[in-house]
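Please read these numbers as outputs of a predicted model, since none were measured by experiment. If you read the sequence from its start, that first residue is 1, and numbering goes on from there.
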Amino acid sequence: MSQMPQPTALTKCPICEWPLASDDRFCGACGHDLSAVSAPPEDHPTLTMNGTAGDPPDEAASVGWPVASEPSADTPPPVVRPTDIPGTDSGGGELSGPGRGVRFDRPSEPDEYPLAAPQPPDPRTGDLATPPAGTKLCVACRAGQVDRDGYCENCGHAQPRERDHMEQELTAVAAVSDRGLRHHRNEDAFAVSSTALPDGSPAVVAIVCDGVSSATRPDDASLAAARAANETLLESLPRGTHPQQAMHDAIVAASNAVNALAGEPETAQEHAPHQNAPACTIVGSVVTPTLLVVGWVGDSRAYWVPVDRGAPSARLTEDDSWAAQMVAAGLMNEAEAYADERAHAITGWLGADAYELEPHTASFKPDRPGVVVVCTDGLWNYAEAAEEMAEAVPLDAAQRPLHCAQVLVGRALDGGGHDNVTVAVLPFPAPPQGAGSA
């Protein structure tokens with residue numbers, strides 16, 4: 001026998017709040033079984049929604065708060081501390097130990113904390129033993145020695161490559177070469193030297209080479225050419241060979257040295273068939289007490305800048321370039337030719353794949369003192385005209401050739417340093433042997 005459902009006393013469906021009649025057993029809107037609804041729990045709110053006071057709270061469950069005494073002018077009010085109020089845990093039981101409401105029994109903290117163990121000394125700042133004489137020191141810490149791989153044994157700093165920046169000064173000639181600000185390596189090279197002619201008069205030599213970046217191993221090509229040309233001049237000038245002929249022979253020797261770099265093993269060509277022959281340009285100068293000789297192949301240049309700036313300066317070389325050919329053929333003026341994107345395409349260079357070797361040489365007999373500026377296009381791109389170069393050369397260049405070269409390299413770097421830059425400065429006339437520069 002089943003129990004009959006009892007009518008509900010609800011006035012609204014507890015699910016959807018649909019109005020109900022007293023004899024409804026199911027909600028007419030959602031179908032909820034009204035007989036299964038349990039009686040609502042008793043509720044004793046502190047304040048009812050209609051504004052009337054609710055049932056008073058159970059005194060047994062209330063907290064025994066201390067009753068504040070009436071303030072008195074003579075007696076200060078009592079101080080109630082948190083420990084005076086009994087606390088209970090989450091289960092309703094009393095807390096154990098003193099300070100049952102708030103704990104003040106934490107262990108006291110020391111006035112000072114011990115310092116961490118000292119770190120090992122920084123190797124970059126530690127006192128190191130003085131390295132043996134001739135040992136290369138780190139450019140970063142100035143103390144550690146540089147290993148064979150080019151790293152400092154003290155601070156680990158990678159050292160700049162030797163050819164990134166080079167300077168050399170002799171009695172009457174100086175040269176500076178710098179990688180520039182855009183290239184990842186320096187593909188320029190130079191050689192400076194001095195010797196004596198058969199009559200005992202001095203001869204000063206400067207050779208500057210610029211590696212062709214589109215060729216393979218351009219840095220090796222420029223270095224080989226500079227060394228070969230310099231060695232040839234030092235051999236031929238003391239024998240009495242005319243300086244202009246000696247310069248021609250030096251360029252030929254430089255060309256042969258660059259051509260030899262192309263003779264790689266067949267295995268190297270098999271693994272890198274895209275490689276082409278190493279190549280570079282060359283410009284050089286020989287200065288004696290009475291004669292000035294220049295020689296070149298490519299677009300590296302030589303300039304004449306007199307000490308008396310009232311006299312005209314001059315460019316002593318003509319470029320082997322597309323722009324120079326257009327001007328020489330009368331097809332363009334100089335401004336139009338050098339504004340063309342093909343202007344700096346060279347038509348002459350040293351290398352096994354050069355069309356034909358045509359060394360250019362010229363000799364001059366200046367009637368006044370001055371300096372010869374021998375440079376790559378990394379400089380003259382920022383001072384192309386002879387007048388611009390003369391303005392960039394310091395007034396005391398003849399007495400301080402190294403300072404002059406440094407100033408000119410700095411001008412190129414300040415202008416953007418888009419290419420490697422190399423400059424050699426030779427005072428004219430060549431000073432007597434043994435004379436020092438001021």
Side-chain angles (χ1 to χ4, degrees), residues 136-142 144 146-153 155-168 175-192 207-227 254 257-258 260-262 264 268-269 271-283 297-301 321 341-346 349-354 374-384 405-424:
K136 186 176 180 180
L137 296 180
C138 173
V139 300
C141 67
R142 298 290 182 181
V146 179
D147 60 19
R148 295 181 179 179
D149 296 330
Y151 291 87
C152 176
E153 296 178 347
C155 66
H157 192 282
Q159 304 301 296
R161 285 169 291 194
E162 183 178 0
R163 290 180 63 175
D164 282 357
H165 185 87
M166 301 178 291
E167 296 185 3
Q168 186 176 358
V176 177
S177 181
D178 193 271
R179 176 173 57 90
L181 305 179
R182 302 295 181 88
H183 282 220
H184 68 283
R185 65 179 176 182
N186 189 0
E187 297 170 354
D188 290 354
F190 69 81
V192 293
I207 302 293
V208 170
C209 297
D210 184 357
V212 178
S213 297
S214 60
T216 301
R217 299 167 59 194
D219 51 336
D220 292 341
S222 62
L223 184 60
R227 289 176 174 174
V258 177
L261 297 177
E264 297 178 339
Q269 294 293 340
H271 291 290
H274 61 281
Q275 293 185 352
N276 51 8
C280 69
T281 66
I282 186 171
V283 61
V297 173
D299 62 349
S300 294
R301 295 180 176 180
S321 67
E341 61 181 6
R342 297 166 289 181
H344 291 280
I346 58 175
W349 61 88
L350 304 183
D353 58 354
V374 182
C375 63
T376 61
D377 60 345
L379 171 63
W380 65 254
N381 279 331
Y382 301 99
E384 186 171 348
Q406 293 169 336
V407 169
L408 294 177
V409 169
R411 178 187 177 95
L413 298 180
D414 291 342
H418 290 77
D419 198 357
N420 308 143
V421 53
T422 302
V423 184

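- Residue A254 comes nearest to L350 through the heavy atom pair CB-CD1, 3.9 Å, listed as atom of the first residue, atom of the second, then distance.
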Between L181 and H418, does a side chain to side chain contact (heavy atoms under 4.5 Å, CB included) hold up when you go through it step by step?
CA-CA 6 Å; L181 305 179; H418 290 77; over 6 Å; no
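- Between P278 and D220, every side-chain heavy-atom pair lies at or beyond the 4.5 Å cut-off.
- Counting heavy atoms from C-beta on, the side chains of R217 and L261 come closer than 4.5 Å.
- D299 contributes atom CG, which lies 5.5 Å from atom CH2 of W380 (distance to the nearest 0.5 angstrom).
- Taking all atoms of both residues into account, the shortest heavy-atom contact from S300 to V283 is CB-CG1, 3.5 Å.
- Under the rule for a salt bridge (charged side-chain N to carboxylate O under 4.0 Å, His left out), the partners of D164 that lie at least two apart in sequence or sit in another chain are R161, R179.
- Using a 4.5 Å cut-off on side-chain heavy atoms (C-beta onward), T376 and V208 make contact.
- The two residues G378 and A412 make their nearest non-hydrogen contact at O-CB, 3.5 Å.
- Two residues are said to be in side-chain contact when any heavy atoms from C-beta on lie closer than 4.5 Å; S177 and N186 meet this criterion.
- The distance from atom CG of L413 to atom CD of Q406, rounded to the nearest 0.5 Å, is 11.5 Å.
- Here CG of D178 is found 13.0 Å from CG of L408. Values are rounded to the nearest 0.5 Å.
- Contact detail for C209 and I282: the closest heavy-atom pair is SG-CG1, 3.6 Å.
- Of the possible donor and acceptor atoms, none in the side chain of Y382 sits under 3.5 Å from a partner among the backbone N and O of D414.
- Contact annotation: the side chain of R185 approaches that of E187 to within less than 4.5 Å [non-hydrogen atoms, C-beta and beyond].
- The two residues A225 and C280 make their nearest non-hydrogen contact at CB-SG, 3.7 Å.
- At a threshold of 4.5 Å between non-hydrogen side-chain atoms, the residues R163 and L223 count as touching.
- For the salt bridge (charged side-chain N to carboxylate O under 4.0 Å, His left out) test, no residue two or more places apart in sequence or in another chain qualifies with R182.
- Counting all heavy atoms, side chain and backbone alike, A279 lies closest to A215 at N-CB, 3.8 Å.
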Determine, step by step, whether V374 and R301 satisfy the side chain to side chain contact (heavy atoms under 4.5 Å, CB included) criterion, reporting the C-alpha distance in whole Å, the side-chain angles of both residues, the deciding distance to 0.1 Å, and the verdict.
CA-CA 6 Å; V374 182; R301 295 180 176 180; over 6 Å; no
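- The side-chain heavy atoms of C375 and V423, taken from C-beta on, include a pair separated by under 4.5 Å.
- Once rounded to the nearest 0.5 Å, the distance linking CZ of R227 with CZ of F190 reads 11.0 Å.
- By the 4.5 Å heavy-atom criterion applied to side chains, D377 and D210 are counted as neighbours.
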